[in-house]
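Below is one structure, written out as structure tokens, with a few remarks after it.
Both ligands and their constituent atoms are indexed starting at 1 by order of listing. In what follows, residues are counted from 1 in the order of the sequence shown.
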Amino acid sequence: MTLASASGKAILFGEHAVVYGQPAIAVPLSHLRTTVQVESLDPGTTGVLLDAPDINQSYWLHEAAGDDPLASAVRLTLDELGVEAPVDIHLTIQSQLPIASGLGSSAAASVAVIRALSAHLAKPLEVETVSKIAYTIECIHHGTPSGIDNTVVAYEKPVYFIREHKPELIPISTSLNLIIGDTGVAMRTTIPVNLLCERWEKDPGTYGGWFEEIGEIVIKARTMLETGSIDSLGDLMDQNQTLLEDMGLSSFELQRLIRAARKAGALGAKLSGAGMGGIMLALVEPDTAKIVETALKKAGAKQVFITEVD
Ligand code: PMV
């Protein structure tokens with residue numbers, strides 16, 4: 001039996017603007033993982049069986065739709081590994097990450113499947129290749145992914161990311177205490193991404209200006225993270241959130257959680273990921289973490305995760 005896993009992720013700054021060429025910063029969430037177990041099938045049984053008990057799905061690779069993301073991960077990885085002979089295996093995929101919520105569940109599933117197959121077949125892959133395969137699968141989920149999700153999940157390191165540039169892995173000098181509140185509203189990435197694209201096409205001047213302002217916030221945030229002087233990092237999160245609100249990407253549920261976190265003493269709070277649902281992120285001092293957690297639950301968060309990033 002082989003086991004492999006991949007982490008979730010959170011975008012600290014720059015979501016959406018990253019699709020339009022601005023930089024963004026994302027961090028791995030190493031304690032929230034998707035795990036894939038690979039076992040050989042019983043003798044006499046052939047094929048690749050995919051089991052995803054979290055979403056009540058169990059199916060054979062040869063019966064899966066062409067655009068099925070898990071099946072695509074298997075097909076692309078076997079191709080990349082140059083495996084031509086049939087493999088007879090049973091893959092079980094289990095995740096701690098809520099789906100369609102901004103925590104990178106799809107990238108984590110892809111990377112975990114790729115790592116599991118590569119380990120099971122004893123054919124190592126470069127991280128860059130793992131990221132590239134996962135990117136191809138992200139393209140199935142939504143047409144124009146920036147590539148930030150597959151990158152941060154594959155490298156499992158904080159990343160400063162500009163579309164179509166080599167990702168820069170950045171050191172974080174002072175550990176960050178983050179609280180993630182899940183609105184429980186699942187939102188497919190394509191919906192806010194497409195909506196924003198329509199708005200940008202109608203008014204490129206205004207939206208382009210907002211994207212640039214976000215880019216400037218990201219550059220300042222990078223310096224703060226690298227130097228460890230993070231006193232104003234929370235303010236930058238708030239500024240980024242205001243711009244995301246201006247672009248119409250927040251939601252009633254997100255606003256409620258963001259307001260509650262700030263009121264309970266968070267240093268800053270913003271939505272993270274595609275928005276219009278999914279998760280919000282708050283930066284806290286270690287001694288206010290519990291207070292903010294309680295406030296988020298009271299404000300309707302379906303799940304709250306406390307995490308430290310360093
Ligand atoms: O919600 P997620 O985890 O799919 O993140 C989307 C991030 C966007 O910037 C909105 C889109 C992208 O491709 O970068």
* Using a strict cut-off of 4.0 Å, indicate which atoms of ligand 1 neighbour a heavy atom of E15. => 9 (O)
* Asked: Between atom CG of N240 and atom CD of E245, what is the distance when rounded to the nearest 0.5 Å?
  -> 10.5 Å
* **For atom 4 (O) of ligand 1, closest protein heavy-atom neighbour** => T189 OG1, 2.7 Å
* How long is the span from the CD1 atom in I137 to the CG atom in L70, to the nearest 0.5 Å? -> 8.5 Å
* Asked: For R188, does the CZ atom sit with more than 12 other heavy atoms under 6.0 Å from it, leaving out its own atoms?
  -> no
* With atoms numbered from 1 as shown, which atoms in ligand 1 lie under 4.0 angstrom from a non-hydrogen atom of V18? -> 9 (O), 14 (O)
* Of the backbone atoms (N, CA, C, O) and the side-chain heavy atoms from C-beta on, which set of E138 has a member under 4.0 Å from an atom of ligand 1: side chain, backbone, both, or neither? -> neither
* Asked: Are any of the heavy atoms in K9 under 4.0 Å away from ligand 1?
  -> yes
* To the nearest 0.1 Å, how far is atom 7 (C) of ligand 1 from its closest protein heavy atom, and which atom is that? -> I11 CD1, 3.7 Å
* Asked: Do E216 and Q239 have a side chain donor and acceptor closer than 3.5 Å?
  -> no
* Asked: So, N150 versus S131: side-chain donor-acceptor pair below 3.5 Å or not?
  -> yes
* To do: Among all protein heavy atoms, pick the one closest to atom 8 (C) of ligand 1 and tell me residue, atom and distance.
  => H16 N, 3.9 Å
* Answer with yes or no whether the side chains of S30 and E156 bring together a donor and an acceptor at under 3.5 Å. => yes
* Any N or O on S146 sitting closer than 3.5 Å to an N or O of ligand 1? -> yes
* Considering residues, nucleotides and ligands other than E39, do more than 12 of their heavy atoms fall under 6.0 Å from its CD? -> yes
* **Close-contact set for ligand 1 against I148 heavy atoms, below 4.0 Å** => 14 (O)
* Looking at ligand 1, does any of its N/O atoms fall within less than 3.5 Å of an N/O of A274? -> yes
* Asked: Does D182 reach the main-chain N or O of G184 with its side chain, forming a donor-acceptor pair under 3.5 Å?
  -> yes
* To do: Give the residue and atom name of whichever protein heavy atom lies nearest to atom 11 (C) of ligand 1, and the separation in Å to one decimal.
  => V19 CG2, 3.8 Å
